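Below you'll find the structure, written out as structure tokens, and then a few comments.
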Amino acid sequence: MEGTRPLDNTEILQVSACFTGTHESRNRGLFMLGVGTDGCISELLSLTIADVWQNRRAVSDLLFDRSIVKGGEPLRAVPVNSDGRRAISDLIAWHHEHYNCTHKNRPLFPSRNGQGNPQRMSRRTAHNALQVRF
């Protein structure tokens, strides 16, 4: 997109520090996984706990199934960096704290009422929600 550029590490840390409130960990985790994996919002919102948490630790690679990957790729594997794994661990702790539940089929990013996934945002809405002045 014309006029855009990737955030540098300092800017990523500044944005991640802006999240507050009850859903702070969920929202920061969504941001950090999005930045770290370059995942589409629909791919990220479709993740369950089992997709990111195996053998009591964060996965090192995310696997996005064909049903959610744009372009019809059969499967997309994306490495998860240390910041992404830390975000996953924080999300699991948040699930324990707020829902006392980390069932493998539970959405990683539940809606505000704790049920299902949040509604998908349009690209413009997501962009506007993340605008930060530097």
Side-chain angles (χ1 to χ4, degrees):
M1 186 184 306
E2 187 177 331
T4 63
R5 63 172 176 74
L7 297 175
D8 64 33
N9 289 338
T10 302
E11 293 168 330
I12 289 170
L13 292 175
Q14 287 176 328
V15 171
S16 72
C18 293
F19 296 102
T20 60
T22 304
H23 293 87
E24 171 184 349
S25 293
R26 180 198 68 183
N27 297 340
R28 181 179 293 117
L30 182 60
F31 172 74
M32 294 303 289
L33 281 177
V35 168
T37 64
D38 198 28
C40 299
I41 191 70
S42 58
E43 293 172 337
L44 296 168
L45 291 179
S46 71
L47 293 172
T48 64
I49 289 177
D51 294 327
V52 300
W53 191 252
Q54 297 172 7
N55 301 317
R56 291 185 274 163
R57 65 178 190 204
V59 298
S60 57
D61 293 296
L62 283 178
L63 298 175
F64 293 112
D65 187 76
R66 174 182 212 157
S67 63
I68 58 167
V69 173
K70 288 187 177 181
E73 296 176 45
L75 186 68
R76 187 163 76 98
V78 180
V80 181
N81 63 19
S82 61
D83 290 334
R85 289 190 303 275
R86 188 175 312 111
I88 290 168
S89 295
D90 291 347
L91 281 164
I92 297 303
W94 179 77
H95 276 271
H96 274 296
E97 181 183 332
H98 289 280
Y99 303 110
N100 197 28
C101 178
T102 55
H103 188 271
K104 65 180 186 173
N105 293 328
R106 182 169 177 71
L108 184 61
F109 300 107
S111 63
R112 289 184 183 175
N113 68 7
Q115 304 297 315
N117 290 329
Q119 291 181 348
R120 182 176 174 188
M121 289 186 194
S122 70
R123 191 177 294 257
R124 179 173 299 282
T125 303
H127 171 75
N128 292 340
L130 290 176
Q131 282 186 336
V132 177
R133 297 188 189 276
F134 295 100

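These figures come from a predicted structure and were not determined experimentally.
In this structure, CH2 in W53 is found 14.5 Å from CG in L47, a value given to the nearest 0.5 Å. Summarising the geometry, atom CD belonging to E43 is positioned 9.0 Å from atom CG belonging to D38; distances are rounded to the nearest 0.5 Å. With rounding to the nearest 0.5 angstrom, the OG atom of S25 is 6.5 Å from the NE2 atom of H98. From I92, atom CD1 reaches atom CZ of R57 across 14.0 Å, with rounding to the nearest 0.5 Å. Rounding to the nearest 0.5 Å gives a distance of 8.5 Å between OG1 of T102 and NE2 of H95. Annotation: the span from L7 atom CG to Q14 atom CD amounts to 9.5 Å, rounded to 0.5 Å.
Without hydrogens or angle criteria, R106 side chain to I49 main chain gives no donor-acceptor distance under 3.5 Å. A side-chain donor-acceptor contact under 3.5 Å links R26 to the backbone of P110.
Among all heavy-atom pairs drawn from L30 and F109, the shortest one is N-CE2, 3.3 Å. Closest of all the heavy-atom pairs between R28 and S16 is NE-O, 2.7 Å. For the pair A58 and S89, the tightest heavy-atom approach, listed with the atom from each and the gap, is CB-OG, 4.4 Å. Summarising the geometry of T20 relative to E24, their closest heavy-atom pair is C-CB, 3.7 Å, with the distance given to 0.1 Å. The shortest non-hydrogen separation linking V80 to V59 is CB-O, 3.8 Å. The nearest pair of heavy atoms linking E11 to P6 is OE1-O, 4.3 Å.
Inter-residue side-chain proximity for D51 and L63 is flagged as unmet; no heavy-atom pair is nearer than 4.5 Å. Looking at D61 and V78, their side chains never come closer than 4.5 Å, going by heavy atoms from C-beta outward. At least one side-chain heavy atom of I12 sits under 4.5 Å from a side-chain heavy atom of M32.
Ring geometry for F19 against F31 counts as tilted: the plane angle lies between 30° and 60°, on a 0 to 90° scale.
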Going through the checks in order, is the side-chain contact (heavy atoms from CB on, under 4.5 Å) test met by T48 and L108?
CA-CA 5 Å; T48 64; L108 184 61; 6.0 Å; no
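Remark: N9 CG is loosely packed, at most 12 non-hydrogen atoms of other residues, nucleotides or ligands lying under 6.0 Å away.
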